[in-house]
Asks: 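I have a structure here, written as structure tokens, and I will follow up with some questions on it.
As the structure is a computational prediction, the values presented were derived from the model and not from experiment. Order of the sequence lines sets the chain letters (A, B, ...), proteins ahead of strands, with each chain counted from 1.
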Number of protein chains: 2
Amino acid sequence: MAENLQEQMYQRLREGLLAGRFEPGEALKLRDLAARWGTSPMPVRGALQRLVAEGALEGEPQRSVRVPVITAERLIQLYQVRLSLEGMAAEEGARRLDAAGREQLHACTERMAAALARRDAQGYLYDNSQFHLTLYRASGNPVLLRLIESLWLQAGPLFNRLFRETDLSLFNDFHQHCLDALDQGDPAAARQAIEQDLLHFRSILLGLFEEAVE
Amino acid sequence: MAENLQEQMYQRLREGLLAGRFEPGEALKLRDLAARWGTSPMPVRGALQRLVAEGALEGEPQRSVRVPVITAERLIQLYQVRLSLEGMAAEEGARRLDAAGREQLHACTERMAAALARRDAQGYLYDNSQFHLTLYRASGNPVLLRLIESLWLQAGPLFNRLFRETDLSLFNDFHQHCLDALDQGDPAAARQAIEQDLLHFRSILLGLFEEAVE
DNA sequence: TTGACAGCCCTGTGATCACAAAACAATGAT
DNA sequence: ATCATTGTTTTGTGATCACAGGGCTGTCAA
């Protein structure tokens, strides 16, 4: 098992959040979660407060912690920052990525193609995140990495809707462009490919909002 | 007073951290702080964990929380991200800032000049932060703002050295350039001014490291 | 004199309890 | 019927206690 209970609770909540298992607007109550996981409310409290501090949940002082409801406006704001941060991480990562890292990225894209073929959105998204993460990690900037992960967590609650409502054919593949750029040693092109990928994803997510308005 | 104790503890710790009242590498111990502020260890624990989650303190699982020691490498990484994020916030803020906001910025620069004249580094830095904050706030992007504040907190422990060791004549003033750009309605120029300001600050801080090596 | 080991103390963690404020529901008046 | 108000329940917060793991020190052997 892990070191301490609070860390376990945090991981479970984070995982559930990224998988979109919590409804936006849902109130996460201490004693409920504690009872469900068989612990005292104490470690759950810590885990929730940590997620609030990271911006993944929102909680006013004396009230229950809630899963944030993402508006289209907030989604745009989120992606404005993601574009800047992940663009930088991609460019810097492209400069420093070694052969082993490139191999990992190739493996990821192959698995993504396979997942796409078998219409497995969840698998696709998982390897997608792995692809981005390993590239960004190569940038060697932990400050940057922490912020990016924080942003991913904030977008998490939207992904459950992707699983259900999205046509898989919408998933385009800018990762191949990125790989080509990496093999040619062109960091600027790698950055551009990543930014294109993010923009494409953003438009898909924004599309979900327009459907919801109807 | 405030709503709950944990929030008060958090504000006190944050303030002390930004003012550089804690030594880098210093271990912050629950019962010590609790006794000093006259509370139980519980709210202090929450406040410390929150600061760890925000990256302002570092704490391994079962060990005491410590004030991070900033290396030159980490400083460079920090400023790489600050440059990108605050540049974006400045440009967007410049686009949306209204007349009242511009008035506040003018007041800030006047106070900064006054502080400089009376050799008050602390006062200068305070109004400096206010200047940046009001400009960034005008960007209307809370996601961005949260990340920037998180980065400021990470650089906090360095500022106490500025108070003591730095020649005030080193403080240059790129804020006037920024104001000019704002009055002319030129967001790109405003961004450039802010970036110049950050780079200048960065070189001052890096200078402190070279002294320390001797 | 120096190295290792054992003991104690210090420190973070988790559980239980007591409390206050907020959310909810039932009851009453208009 | 609708809204305000009051009483009850729920829910987060803080304190105290019990526990376990790490670190430090003193002692003993080589």
Asks: Measure from CE on A:M9 to P on C:dG14 and round the result to the nearest Å.
Replies: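 So the two atoms are 9 Å apart, to the nearest Å.
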Asks: In whole angstrom, what separates A:K29's NZ from C:dA23's P?
Replies: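 After rounding, the gap between these two atoms is 12 Å.
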Asks: What's the closest nucleotide to the B:L5 side chain, out of D:dT11, D:dA15, C:dT13?
Replies: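 It is D:dA15.
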Asks: Would you say B:S64 places a side-chain N or O within less than 4.0 Å of OP1 or OP2 belonging to C:dG12?
Replies: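 For C:dG12, OP1/OP2 do have a side-chain N/O of B:S64 under 4.0 Å.
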Asks: Pull out every residue in residues 36-45 of chain A that has a heavy atom closer than 4.0 Å to any atom of DNA chain D, ordered by number, or say none.
Replies: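 A:M42, A:R45 - these, ordered by number, are the residues of the stretch whose heavy atoms sit under 4.0 Å from the strand.
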Asks: CG of B:N4 versus C1' of D:dT11: gap in Å, rounded?
Replies: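 The answer, rounded to whole Å, is 14 Å.
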Asks: Distance criterion of 3.5 Å, no angle test: do you see the side chain of A:R63 paired donor-to-acceptor with the base of D:dG12?
Replies: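 No, no donor-acceptor pair under 3.5 Å.
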Asks: For a 4.5 angstrom cut-off between non-hydrogen side-chain atoms, does A:Y136 reach A:I194?
Replies: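 A side-chain contact exists here, since the closest heavy-atom pair is under 4.5 Å.
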Asks: Flag the pair B:L125 / B:F201 as yes when at least one side-chain heavy-atom distance between them is below 4.5 Å, and no otherwise.
Replies: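 In contact.
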Asks: Just how far, in rounded Å, is C1' of C:dC19 from CG of A:L30?
Replies: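 Checked: the CG to C1' distance equals 16 Å.
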Asks: Classify A:L48 by what it touches in the nucleic acid, base, sugar-phosphate, or nothing, heavy-atom distance under 4.0 Å.
Replies: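 No contact at all - A:L48 keeps every heavy atom at 4.0 Å or more from the nucleic acid.
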Asks: Find out whether the Lys NZ or Arg CZ of B:R202 is both under 6.0 angstrom from the six-membered ring centre of B:Y79 and within 45° of the ring's axis.
Replies: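 Output no; distance or angle outside limits.
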Asks: Run the numbers on A:R50 and A:E7 for salt bridge (charged side-chain N to carboxylate O under 4.0 Å, His left out), then give the verdict.
Replies: CA-CA 10 Å; A:R50 179 171 169 191; A:E7 181 70 21; 3.2 Å; yes
Asks: Just so I know, are the side chains of B:L135 and B:C178 near enough to count as touching, which here means a heavy-atom distance under 4.5 Å?
Replies: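 Yes. Closest side-chain heavy atoms under 4.5 Å.
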Asks: Strictly below 4.0 Å: does B:Q49 bring a side-chain N or O up to OP1 or OP2 of C:dT13?
Replies: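 It does, given that an N or O in the side chain of B:Q49 lies less than 4.0 Å from OP1 or OP2 of C:dT13.
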Asks: Donor-acceptor pair, distance only, cut-off 3.5 Å: does the side chain of A:R191 make one with the backbone of A:A90?
Replies: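 No, the answer is negative, given that no donor and acceptor are paired below the 3.5 Å cut-off.
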Asks: Taking only N and O in the side chain of A:Q62, is any of them less than 4.0 Å away from OP1 or OP2 of C:dA23?
Replies: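 For A:Q62, the contact criterion (side-chain N or O under 4.0 Å from OP1 or OP2 of C:dA23) is not met.
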Asks: Both B:R31 and A:D32 contact DNA chain D. Which one's nearest nucleotide lies toward the 5' end?
Replies: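 Here A:D32 is the residue nearer the 5' end.
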Asks: Figure out the CD/C1' separation between B:E7 and D:dG12, and round it to whole Å.
Replies: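 Rounded to the whole Å, the gap is 14 Å.
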Asks: Under 4.0 Å between a side-chain nitrogen and a carboxylate oxygen: does that hold for A:R12 and A:E15?
Replies: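 So A:R12 does not pair with A:E15 through a salt bridge.
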